[in-house]
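All figures in this text were calculated on a predicted structure; none of them were measured in a lab.
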2 protein chains.
Amino acid sequence: MEAIIGPGKCPDVYDRNCPSRGILEHVTSRWGVLVLAALLDGTHRFSELRRRVMGVSEKMLAQTLQTLERDGFVLREAHPVIPPHVDYSLTPTGEDVARQVASLARWCETSLPRVEAARSVYDAQKAASHSAAALGSPGPDTGTARVRQ
Amino acid sequence: MEAIIGPGKCPDVYDRNCPSRGILEHVTSRWGVLVLAALLDGTHRFSELRRRVMGVSEKMLAQTLQTLERDGFVLREAHPVIPPHVDYSLTPTGEDVARQVASLARWCETSLPRVEAARSVYDAQKAASHSAAALGSPGPDTGTARVRQ
DNA sequence: CTGTATCCTCGTTGATACTG
DNA sequence: CAGTATCAACGAGGATACAG
């Protein structure tokens, strides 16, 4: 009997020890997202993925593919020929996640202008409040009200 | 003029240097996903989030919230009272992403059994092929065919 | 309560070289 | 071509202490 505190429901990503967090981290990992999205438009070979997902090293691509294969998201088919030929594709389950993460990735692309605008505003406000503080300028009242306890 | 190779489209997550990758990494970051999901059901204080997202340290929660605020996903409202009281909520843009990552998180929870089953199969096959190799057992033909070139 | 600052550790990542 | 092995470096992340 280990569970001192009872979680609301068993698979709970908010729970520090719930295994579902591991899955979430696999599919949202730096390269996992991009590999899943890349496989959404069909079977690809190792080197094709390597070119498509720009910036990934051989090591990380191999590692990512193994993790996704083990979780049942990616199907690996090695053709025993020389030189080696290995095809990677999505399982039905993998297509499910892939659609979600690909959608997220596309959302990030389209939201880029909006986000960069938000960053400008944030940075400007930050700079303004810093220089104001440095000058001892009052600025908008940042006075602290006291409450009991 | 820096772009030697012309990308297909400007905001492209597959491009190593595209800023959209940064956004993707922010929203899919270890704690970013959970914080966004947690804020989906309304405004929360710092300590509430800390308790809700179990396992996050103060440092990482603060850092995550700052990143998400700068990107325009999270709204921070500090009430100038003692003791300090700060409310975090989602912006309209933030709600968009939050819905997507929360959906992904829920998917991971419900898919947990399926994934664990897949892992068992994978590990069993791995163990079987290893012991077969160690024994020099033939097993299913893994012979290599030669192709020209 | 809500942070920031510091230090420190550990895992992830990348470069390189090598194997089947 | 498709990896694996090894090593080095960096950065995320955690613990602690302290400030507003």
* Whole-Å distance separating the CG atom of A:Leu61 from the C1' atom of D:dC1 -> 13 Å
* Given C:dG14, C:dC1, D:dG3, the nucleotide with the shortest approach to the side chain of A:Arg30 -> C:dG14
* On DNA chain C, nearest-nucleotide positions of B:Leu65 versus A:Pro84: which is more 5'? -> B:Leu65
* **Nearest-Å distance for atom pair CD1/P, residues A:Ile82 and C:dG20** => 12 Å
* Does A:Asp123 come within less than 4.0 Å of B:Arg70, counting only side-chain N to carboxylate O? -> yes
* Just compare C:dT2, D:dC1, D:dT4 and give me whichever is closest to any side-chain atom of B:Val86. => C:dT2
* **Base C:dT13 paired with A:Lys59 side chain (donor-acceptor, <3.5 Å)** => yes
Using residues 30-44 of chain B as the side-chain source, report each donor-acceptor pair under 3.5 Å to any protein atom, sequence neighbours left out, with the distance given to one decimal.
| from | atom 1 | to | atom 2 | distance (Å) |
| --- | --- | --- | --- | --- |
| B:Asp41 | OD1 | B:His44 | NE2 | 2.9 |
| B:Asp41 | OD2 | B:Arg52 | NH1 | 3.2 |
| B:Asp41 | OD2 | B:Arg52 | NH2 | 3.4 |
| B:His44 | ND1 | B:Glu48 | OE1 | 3.3 |
| B:His44 | NE2 | B:Ala38 | O | 3.4 |

* Structure fact -> Separation of C:dT2 atom P from B:Leu49 atom CG, nearest Å, is 10 Å
* Structure fact -> Separation of C:dT2 atom C1' from B:Gln66 atom CD, nearest Å, is 11 Å
* Value in whole Å for how far the P atom of D:dG11 lies from NE2 of B:His26 -> 14 Å
* Figure out the CE/P separation between A:Met60 and D:dC7, and round it to whole Å. => 19 Å
* To do: Please report, rounded to the nearest Å, how far the C1' atom of D:dG13 is from the CE atom of B:Met54.
  => 18 Å
* C:dT4, C:dG3, C:dG14: which one has an atom nearest the side-chain heavy atoms of B:Phe46? -> C:dG3
* Starting at NE2 of B:His85 and ending at P of C:dG3, how long is that distance when rounded to a whole Å? -> 11 Å
* Can you find a side chain N or O atom of B:Ser57 that sits less than 4.0 Å from OP1 or OP2 on D:dA15? -> no
* Asked: What does B:Arg50 touch in the nucleic acid at a heavy-atom separation under 4.0 angstrom: a base, only the sugar-phosphate, or nothing?
  -> nothing
* Measuring from A:Leu90:CG to A:Arg99:CZ, what's the distance to the nearest 0.5 Å? -> 9.0 Å
* Asked: Counting side-chain heavy atoms from CB outward, which of D:dG3, D:dA2, C:dT2 is closest to A:Arg45?
  -> D:dA2
* Asked: Of B:Gln63 and B:Glu58, whose nearest nucleotide on DNA chain D comes first from the 5' end?
  -> B:Gln63
* Shortest non-hydrogen separation from A:Asp71 to B:Arg119 and the atoms involved -> OD1-NE, 2.6 Å
* Asked: In terms of ring plane angle, is the pair B:Trp107 and A:Phe73 parallel, tilted or perpendicular, where the classes change at 30° and 60°?
  -> tilted
* **Side-chain N,O (B:Tyr88) to OP1/OP2 (C:dC1) below 4.0 Å** => no
